[in-house]
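Since the structure comes first, as structure tokens, the remarks are kept for the end.
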Protein chains: 2
Amino acid sequence: MTDAQHEYVDQVATFFTMVGSARAWAEILGWLMICEPAEQSQAQIAAALSLSAGSVSTQLRTHVSLGLVEQVRVRGDRTQRYRLRSGAWHSVMASELDRIRALGELARDGAAVLPRERPERVTELGDLADFFAREWPPLMERMNAELTKGTP
Amino acid sequence: MTDAQHEYVDQVATFFTMVGSARAWAEILGWLMICEPAEQSQAQIAAALSLSAGSVSTQLRTHVSLGLVEQVRVRGDRTQRYRLRSGAWHSVMASELDRIRALGELARDGAAVLPRERPERVTELGDLADFFAREWPPLMERMNAELTKGTP
DNA sequence: AACACGTTTCAATCATCGCTGAACTGCTTG
DNA sequence: CAAGCAGTTCAGCGATGATTGAAACGTGTT
């Protein structure tokens, strides 16, 4: 692992820790973006990032469950490999829809305690969520259409 | 503060703590969504939520700096009041653009360590960021147009 | 001026959560 | 069936960061 690679992993990790991710989680993500080969065993990841086997196991599982990383079995080799899923970033964006829906839910539940004064404080959130729930799917479609040009 | 209100504040707080916000920050947000009157002093907020004056002061400042909350002076009364800004939720969405740009930056910096194997791991992120940087502003415009219908 | 009230600041405390290390499971091979 | 390796689990440690409480500040009031 070169200095430049190390620096980049750090940069990615810094970004994602800023938005609330665990350090190890973020470092693994950064490493899987640039490592060679793209498929890595847990041991390789642990070695490259100087992380304990435990952290790698745990955080890798959350990566997998989020759909960012996939496990691959290389035939002839029994050790599991992990790699960034192709389209990983797309699915991050696509999953935004769930969060938007959750916000809509929050707004809807607010109906029970709607304030007389400036009820928009709650309703505005609902309208917004509805707007995005409508706009997001076509946006995702355009995204896929546009960015799949080179890779069919 | 009724039980229902308390419950709702808790629900909002739970949602936002899930995505990495501080508990007090999130509770204040929930309270400012449904409190009556909409304008509240720090002391009122602290009392309603059983928070210390210190937390309220600190977290309220971050709310203000994020543009979610604004301070208002009620004439005749010297104590400062705080309230949810109208259009608060809109500006949350609008500020997403900054995060998208940051992701684009991250991808661009990745050029220095671009892997030979599956370089899309990095470049895909850049394309995505570009796509959103282009799509976001018009989307925001449509959002404002559509949701401002009732409130000119 | 002195006081009262609202707000800010900050050091100390507390809680949370991620990380480590070691023990454990399961699989494969000699 | 023992040995070796990959991965998992979990208790305990450590660090980060939020919360508190008290003291300082400022502003308006008597």
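Because only heavy atoms are used, hydrogens play no part in the values below, and waters and symmetry mates are left out as well, while side chains stay in. Naming convention: chains lettered A, B, ... in sequence-line order (proteins, then strands); numbering from 1 in each chain.
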Position toward the 5' end of DNA chain C (nearest nucleotide), B:S41 or A:A53: B:S41
Donor-acceptor under 3.5 Å (B:E27 side chain, B:V9 main chain): no
Integer-rounded Å distance: D:dA6 P and A:Q40 CD: 13 Å
Interatomic distance, A:R81 CZ vs D:dG7 P [rounded to whole Å]: 8 Å
Residue closer to the 5' end of DNA chain C, B:Q71 versus A:T58 (nearest nucleotide): B:Q71
Position toward the 5' end of DNA chain D (nearest nucleotide), A:S57 or B:L51: A:S57
Ion pair B:R142/B:E146, N-O distance below 4.0 Å: no
Below 4.0 Å: OP1/OP2 of C:dT20 and any side-chain N or O of A:S55: yes
Atom-to-atom span, CG of A:L60 to P of D:dA6 - whole angstrom: 15 Å
From A:R83, A:R85, A:R73, A:R81, residue fulfilling salt bridge (charged side-chain N to carboxylate O under 4.0 Å, His left out) relative to A:E39: A:R83
A:Y82 or B:S52, whichever maps to the more 5' nucleotide of DNA chain D: A:Y82
Atom of A:R121, atom of B:W89 and distance for their closest heavy-atom approach: O-NE1, 3.2 Å
Protein-nucleotide distance (B:D77, atom CG; D:dT29, atom P), rounded to Å: 10 Å
A:Q40, A:H63, A:Q42, A:E70 screened by side chain to side chain donor-acceptor pair (under 3.5 Å) with A:Y82, the one that passes: A:Q42
A:Y8-A:M1 co-clustered via ILVMFWY side chain contacts under 4.5 Å: yes
Atom-to-atom span, CD1 of B:I45 to C1' of C:dG6 - whole angstrom: 13 Å
Length of the CZ-P vector between A:R61 and C:dC19, whole Å: 14 Å
Using a cut-off of under 3.5 Å, enumerate the N/O to N/O pairs linking the protein to nucleotides 13-18 of chain C.
none

Nucleotide D:dT16, atom P - distance to CH2 of A:W25 in whole Å: 20 Å
Sugar-phosphate only, base, or nothing, as touched by B:T79 at under 4.0 Å among non-hydrogen atoms: sugar-phosphate
Distance in angstrom units between B:Q44 CD and C:dC5 P, rounded: 15 Å
Nearest non-hydrogen partners of B:A129 and B:G104, listed with the distance: CB-CA, 3.4 Å
A:Q42 side chain near D:dT8 phosphate (N/O to OP1/OP2, under 4.0 Å): yes
